[in-house]
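These notes concern the structure reproduced below.
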There are 2 protein chains.
Amino acid sequence: MTTIYDVAQAAGVSISTVSHVLNGTRFVSEATKARVLQAVEQLGYRPSSLARALVRQVTHTVGLIVPDNVNPFFAEVARGIEDCGLAAGYSVILCNSDRSLSKEEIYLDMLISKRVDGLVYMTVQTRGEMLQPLKDHNIHAVVFDREYEGFDALLLDNLGGGYDAARHLLSLGHRRIACITGPDGPTRSQDRVTGYQRALEEAGIVPDPELVVAGDWTFESGRRAARHLLHLDDPPTAIFACNDAMAVGVLSYLCSRGIRVPEELSVMGYDNIALSAYTCPPLTTMATPIREVGQCLCELLLGRIAGQLPPEPQRVVIRSELLVRGSTGPARA
Amino acid sequence: MTTIYDVAQAAGVSISTVSHVLNGTRFVSEATKARVLQAVEQLGYRPSSLARALVRQVTHTVGLIVPDNVNPFFAEVARGIEDCGLAAGYSVILCNSDRSLSKEEIYLDMLISKRVDGLVYMTVQTRGEMLQPLKDHNIHAVVFDREYEGFDALLLDNLGGGYDAARHLLSLGHRRIACITGPDGPTRSQDRVTGYQRALEEAGIVPDPELVVAGDWTFESGRRAARHLLHLDDPPTAIFACNDAMAVGVLSYLCSRGIRVPEELSVMGYDNIALSAYTCPPLTTMATPIREVGQCLCELLLGRIAGQLPPEPQRVVIRSELLVRGSTGPARA
DNA sequence: TTGAAAGCGCTAACAA
DNA sequence: TTGTTAGCGCTTTCAA
């Protein structure tokens, strides 16, 4: 392991000179600069970010806590964050919480110990106090789809999205519209359900609680929910899944039963993950600009870290818009 | 930011005592231990991994370079690695190379600077020399699906997999079997094509080069390839896509043209990503234990880091096995 | 135009 | 049973 001392010695200068040529932080004559650079090259020297971070108190590293990076939505967001981070010279530490409180705590501890400069927090934690230690170590955090006092947040317009989704189905003549939600709990995405209900009510339909069933965002849960819904005495003519993955599960179940979409049943999702353009039929969905969500999250965080943001916590809202593809159609007469 | 000094002061002991109670590295009387712990608690002290890493020369951090974490295959592998790493107290830095040489170099530099203890390298780089700097900084690396002199490797049995895939199609009576490959280049996954060709030849079929078309592992490329293949004068009766994502693209194209699977055309993929159980119809595929791939990669790396592996580079081979679902069927008479 | 030296927050001899 | 101190590899003031 070659250190700055080795380089200094090889170049016949002091370590401070080496440091300064490497960082361009004060004038160094061309001649010595050249010698230093050559020594660096020849020795294959790479400055230790560790040592640097210790003195500068910045690591150029951020943490990313997601429920599960396999979930296509989070995969795409993670990608957006990673890209944006790379461009700014940040690396990102990936953390999968599985929505488990204890895992979140472990990761939080780990990230604090590692002295990350900031953290994108995309998971479902009730108690905002859990983030307090971050403050104590002045680690900035931006929170996704949820609001914590004192933290920047990127919010989705779930209410509007759920509303628009239901309106679309309503406009096709559907009256019995089912909704597959996320797991119970204080998820803001429950707002999608609220939006859906509001649209129904406005259309003079009293929402049937039987038609609202909980999934857990996975393919499999969508599939199960579909099976359940279609065995109801009075089954729905349309299903709105609160994310695309569950909608794919619905499609999969319908396919296995030979039920034609959208002729016999309309299906729609939410998010517009890449996959949803390739299902059979292609999925009508509430399109969220997912990569931009990631980018925006990252920009918020980096802006905060750089001290370029106003002191008060920021609130950015991102809307989703209806994208009609082949999986929804007129209700059968 | 509270440091070990603050804790020592608050507890009325020296910093070495604090260090030792925190690390359990030498005997400390119950009384002082209690006082230290209390001070730690009260001050919300978290040791700096940075400082610790600087002296101990280990960061408990590993790098992961993948082409794209959105690709479901790599998403699942990443998950496997992350889980395994967490269990051992390691964090993982996520890097997306997009198979770009320059990005790989940037990441490699970054990871070396950050002094990761090791690195899982899952991307397509011709020149093994690029990994030389790792050696110089004695950073261990395990390489996926490729062999570099002096590095541990986890290999897939692509040859056998391609062979078995084609055999399956052959056994269903197909004679014109197309193959959608990855991008050109020295990918080991070209072996899947070789295996496929070998099976055809053994069945007395001379492989038609027109039937082998290159994709880039994405949904879209599968779709495009399918379109191309079906416009051939003598189109195939079966398509073997070298990964599931492309097979999904194929399915999507067929769906849009109203071509029934498997009645009119058989389709199979490779990998068995989670999604492939939920396509319409469910995808026949060469099932790879993807999570285990991730776990194995991680175990190899951590084993190497811990010095528990024999000095010579390890070679672990993982096989995929045929999983017949609904997307393949008898060739039409 | 450059060097010396203090210090970032820890660990781990070495002493007591 | 505990404390003192020398680093780990850097940045950055202060001096020259």
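The chains referred to below are lettered A, B, ... by the order of the sequence lines, with proteins before strands, and numbering in each begins at 1.
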Can you tell if the side chain of [X] reaches within under 4.5 Å of the side chain of [Y], non-hydrogen atoms only?
| X | Y | value |
| --- | --- | --- |
| M110(A) | I93(A) | no |
| T288(B) | E76(B) | no |
| I305(A) | Y90(A) | yes |

In whole Å, I'd like the distance from the [atom1] atom of [X] to the [atom2] atom of [N].
| X | N | atom1 | atom2 | answer |
| --- | --- | --- | --- | --- |
| L50(B) | dC8(C) | CG | C1' | 9 Å |
| L43(A) | dG9(D) | CG | P | 14 Å |
| L54(B) | dA6(D) | CG | P | 17 Å |
| I4(B) | dG3(D) | CD1 | P | 12 Å |
| R26(B) | dT2(D) | CZ | P | 8 Å |
| K33(A) | dT2(C) | NZ | P | 10 Å |
| H20(A) | dC10(D) | NE2 | C1' | 12 Å |
| R56(B) | dA12(C) | CZ | C1' | 10 Å |

Are OP1 or OP2 of [N] and a side-chain N or O of [X] less than 4.0 angstrom apart?
| X | N | value |
| --- | --- | --- |
| Y45(A) | dC10(D) | yes |
| Q57(A) | dT11(D) | no |
| T32(B) | dT2(D) | yes |

Go through [options] for me and flag the one nearest to the [X] side chain.
| X | options | result |
| --- | --- | --- |
| F27(A) | dT2(D), dT11(C), dT1(C) | dT1(C) |
| S16(A) | dT12(D), dC10(D), dG3(D) | dT12(D) |
| I15(A) | dC10(D), dT2(D), dT11(C) | dC10(D) |
| S29(A) | dC10(D), dT2(C), dT11(C) | dT2(C) |
| N23(B) | dT11(D), dT11(C), dC10(C) | dT11(C) |
| M1(B) | dG9(D), dT12(D), dG9(C) | dG9(C) |

Would a distance-only check, ignoring hydrogens and angles, find a side-chain to backbone donor-acceptor pair under 3.5 Å from D216(B) to T218(B)? yes
Spell out, as yes or no, whether a donor-acceptor pair under 3.5 Å connects the side chain of T59(A) to the backbone of R115(A). yes
Establish whether the base of dG7(D) is bridged to the side chain of R52(B) by a donor-acceptor pair shorter than 3.5 Å. no
Take S14(B) and V55(B), find for each the nucleotide of DNA chain D with the closest heavy atom, and name the residue whose nucleotide sits nearer the 5' end. S14(B)
Tell me what T17(B) touches on the nucleic acid: a base, only sugar-phosphate, or nothing, going by heavy atoms under 4.0 Å. sugar-phosphate
